[in-house]
Amino acid sequence: MKKPLFFSIFCVACAVALTGCTSHITDLTMITTRDIGQEKISVARSKKQRMVVGESARYVFLIFPIGIPKLNEAVDDALEQGGGDLIVDVGIYRTSWTAIIVSRIAVEVRGTVVNTKEAAE
């Protein structure tokens, strides 16, 4: 009789202690952290890469954060993965998970990387 009750309480406690969440923050037409020639941008002629996900993440131990995730780091990560200098059709997300005493918070940038410098040449 006590085993099913203990097992049920254990399962509920694990579900509460091991949680995660993703929140959509905003959508943007384009974003970059690099210098680009704004007068000669032609996204239509630029070489587009696949959809990439850039991320900046930090951990939290108990209630003490070990840094703060930064949007510019997530954008730089996505640009490096895609090999370009501009991201179009951007979605920005905040994700987090908790495992009892350790948590992870992150900012994700999802979009299509474009190399405008190749199109200008």
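These figures come from a predicted structure and were not determined experimentally.
- Residue E55 is tested with K70, R104, R110 for a salt bridge (charged side-chain N to carboxylate O under 4.0 Å, His left out); the sole match is R104.
- In terms of heavy atoms, V102 sits closest to W97 at O-CZ3, 3.8 Å.
- Listed here is the closest heavy atom pair of E73 and S56: OE1-OG, 2.8 Å.
- Here the side chains of D77 and Q81 are in contact, with some heavy-atom distance below 4.5 Å.
- Cluster membership check: I105 does not share its hydrophobic cluster with I25, using side-chain heavy-atom separations under 4.5 Å among Ile, Leu, Val, Met, Phe, Trp and Tyr.
- A continuous path of Ile, Leu, Val, Met, Phe, Trp and Tyr side chains, each step under 4.5 Å between heavy atoms, connects L28 with V107, placing both in one hydrophobic cluster.
- Of the possible polar contacts, one joining the R34 side chain to the G84 backbone as a donor-acceptor pair under 3.5 Å is found.
- Counting all heavy atoms, side chain and backbone alike, L79 lies closest to D85 at CD2-C, 3.6 Å.
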Would you check, one step at a time, whether the test side chain to side chain donor-acceptor pair (under 3.5 Å) holds for T33 with D76?
CA-CA 7 Å; T33 57; D76 282 337; 2.3 Å; yes
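- The shortest non-hydrogen separation linking A78 to V52 is O-CG2, 3.8 Å.
- How far CZ of R94 is from OG1 of T22: 9.5 Å, rounded to the nearest 0.5 Å.
- Checked options T32, I87, L86; the residue passing with V113 is I87 (criterion: side chain to side chain contact (heavy atoms under 4.5 Å, CB included)).
- Of the N and O atoms on the side chains of D89 and T112, not one donor lies less than 3.5 Å from an acceptor on the other residue.
- The side-chain heavy atoms of R58 and I66, taken from C-beta on, include no pair separated by under 4.5 Å.
- The cluster map of Ile, Leu, Val, Met, Phe, Trp and Tyr, joined by side-chain heavy atoms under 4.5 Å apart, puts M51 and V90 in different clusters.
- The hydrophobic clustering, which links ILVMFWY residues whose side-chain heavy atoms are closer than 4.5 Å, places I68 and L71 apart.
- Residues G91 and D27 approach most closely at CA-OD1, 3.6 Å, considering heavy atoms.
- Hydrophobic clustering (side-chain heavy atoms under 4.5 Å, transitive across Ile, Leu, Val, Met, Phe, Trp, Tyr) groups I63 together with F61.
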